[in-house]
2 protein chains.
Amino acid sequence: MSSEKKKYTERQQQIAVFANALAHPVRVAILDLLHSQPCCYHGDMAEELPVANSTLSQHLKVLKDAGLIQGEINPPKTKYCINRQNYTIAYTLFACFFEDALETTLSQEGIIQCE
Amino acid sequence: MSSEKKKYTERQQQIAVFANALAHPVRVAILDLLHSQPCCYHGDMAEELPVANSTLSQHLKVLKDAGLIQGEINPPKTKYCINRQNYTIAYTLFACFFEDALETTLSQEGIIQCE
DNA sequence: AATTCTCTTCGTATATTTGCGAATAATTTT
DNA sequence: AAAATTATTCGCAAATATACGAAGAGAATT
């Protein structure tokens, strides 16, 4: 009962998942915060970002489900940090994706390397 | 009456726009097709992809609005191709974004270069 | 035990996304 | 001029995303 028509490759779906996580500016802003320090508490982010507390929780969940961040819950505080392993995977997927399109101009300069 | 609280930077918004364009697997698949050839007709894509014609048009519009592709309309046919200029911008934004987070492991190896 | 602090979940409202078929537009072919 | 070809737009339905305040959970403090 599986294949009526070709669906999408794992790679295509994985790119979409990571891209979807970055598809809202507040989530990019959240990650920017986590780039500038090893970890960050929910409350500290809430002060910096123009969304309500509950909304922030939702966005953090999206990022966590996509695998880009991980949370350490020690009530009443929650500490978040980047998931470096998946970040590396995401970086490679995006780099190779764009390299595919731009290889004629970029690969010659040795800026990026795929496979 | 402008700033009650900081909104998002242009960069954060631009990343979100590009990411949103890649946030659906069929759009990644569309771009994959355009990577493998200089241009492609709507009809040729419709044969390869598991979506209806009208749905394909919508996704193409999303990609076009984000600036990742451009269309050349010669009715009854429409030819699409990658927008290389914006592709380069997108590539740079994503590379620098991930580099920010991974710089301790990647920048030392000279894989990526920002600024 | 009650209060406080922090964060998540729930409930709700609104907007956007995704999908398809039918109808439309624009050209080429018959 | 009629028919065929190709792609977009329209109209609709269903699902998902976004946002907030209120309510709830979990631990520390009073």
Side-chain angles (χ1 to χ4, degrees), chain A residues 4-8 12-13 15-31 33-34 37 39-81, chain B residues 4-8 12-13 15-31 33-34 37 39-81:
Chain A
E4 328 119 328
K5 218 174 182 182
K6 288 181 211 162
K7 278 295 168 191
Y8 311 106
Q12 287 166 342
Q13 294 182 61
I15 288 176
V17 166
F18 284 137
N20 184 67
L22 299 178
H24 192 294
V26 76
R27 292 198 289 267
V28 178
I30 289 168
L31 295 174
L33 285 176
L34 291 174
Q37 54 200 299
C39 62
C40 198
Y41 288 98
H42 178 117
D44 297 331
M45 298 192 231
E47 282 180 10
E48 305 257 0
L49 303 169
V51 289
N53 230 298
S54 54
T55 306
L56 178 56
S57 270
Q58 286 181 133
H59 285 294
L60 288 167
K61 176 168 162 44
V62 172
L63 291 170
K64 197 163 59 176
D65 288 348
L68 288 179
I69 65 172
Q70 50 203 133
E72 189 182 311
I73 304 172
N74 298 9
K77 291 207 160 199
T78 309
K79 190 165 64 177
Y80 287 98
C81 66
Chain B
E4 327 121 326
K5 221 174 181 184
K6 288 180 208 163
K7 277 296 169 192
Y8 310 106
Q12 287 166 341
Q13 294 182 61
I15 288 177
V17 166
F18 285 136
N20 183 66
L22 299 179
H24 192 294
V26 77
R27 291 198 289 267
V28 177
I30 289 169
L31 295 174
L33 285 175
L34 291 174
Q37 54 200 299
C39 61
C40 198
Y41 289 99
H42 177 116
D44 297 331
M45 299 193 231
E47 283 180 10
E48 305 256 0
L49 302 170
V51 289
N53 229 299
S54 55
T55 307
L56 178 56
S57 270
Q58 286 181 132
H59 286 294
L60 287 168
K61 176 167 162 45
V62 172
L63 289 170
K64 196 164 60 177
D65 289 347
L68 289 179
I69 66 173
Q70 51 203 133
E72 188 182 311
I73 303 172
N74 298 10
K77 292 206 160 198
T78 309
K79 189 164 65 178
Y80 287 99
C81 67

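Hydrogens, waters and symmetry mates play no part in the numbers below; they use all other heavy atoms, side chains included. Because the structure is a prediction, the values reported are computed rather than measured.
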Undergrad: Find the distance A/E47:CD to C/dC7:P and express it as a whole number of Å.
TA: 10 Å

Undergrad: What is the separation between atom CG on B/N53 and atom C1' on D/dT6, rounded to the nearest whole Å?
TA: 8 Å

Undergrad: Rounded to whole angstrom units, what separation is found between the CD1 atom of B/I73 and the C1' atom of D/dT8?
TA: 9 Å

Undergrad: Could you tabulate the donor-acceptor pairs under 3.5 Å formed by side-chain atoms of residues 49-75 of chain A, not counting sequence neighbours?
TA:
| from | atom 1 | to | atom 2 | distance (Å) |
| --- | --- | --- | --- | --- |
| A/N53 | OD1 | A/H42 | NE2 | 2.5 |
| A/H59 | ND1 | A/R27 | NH1 | 3.0 |
| A/K61 | NZ | A/D65 | OD2 | 2.9 |

Undergrad: Check A/Y8 against A/Q13 and note the closest heavy-atom contact, atom names and distance.
TA: O-NE2, 3.1 Å

Undergrad: Among residues at least two apart in sequence or on other chains, which ones pass salt bridge (Lys or Arg N to Asp or Glu O under 4.0 Å) with B/D44?
TA: none

Undergrad: Could you state the interatomic distance from CG (B/N20) to CG (A/L22), rounded to the nearest 0.5 Å?
TA: 10.5 Å

Undergrad: May I have the distance from A/K7 (atom NZ) to C/dG19 (atom P), rounded to whole angstrom?
TA: 8 Å

Undergrad: How many whole angstroms separate atom CG of B/L56 from atom C1' of C/dG21?
TA: 15 Å

Undergrad: Nearest-Å distance, CD1 (A/I69) to P (C/dC7)?
TA: 13 Å

Undergrad: Tell me the interatomic distance from A/L60, atom CG, to C/dT6, atom P, rounded to whole angstroms.
TA: 16 Å

Undergrad: Please encode protein proximity along nucleotides 12-23 of chain D as a string of B, S and -, counting only heavy-atom distances under 4.0 Å.
TA: ------SBBBB-

Undergrad: Indicate the atoms forming the closest heavy-atom contact of A/C40 with A/L34, along with that distance.
TA: CB-CD2, 3.5 Å

Undergrad: By nearest atom, which of the nucleotides C/dT6, D/dT8, C/dT8 is closest to the A/K77 side chain?
TA: C/dT6

Undergrad: Using atom names, set out every protein N or O paired with an N or O of nucleotides 28-30 of chain C below 3.5 Å, distance rounded to 0.1 Å.
TA:
none

Undergrad: Rounded to whole angstroms, how far apart are CG on B/L49 and C1' on C/dC20?
TA: 16 Å

Undergrad: Look at the side-chain N and O atoms of B/Y80 and state whether any lies under 4.0 Å from the OP1 or OP2 oxygen of D/dT8.
TA: yes

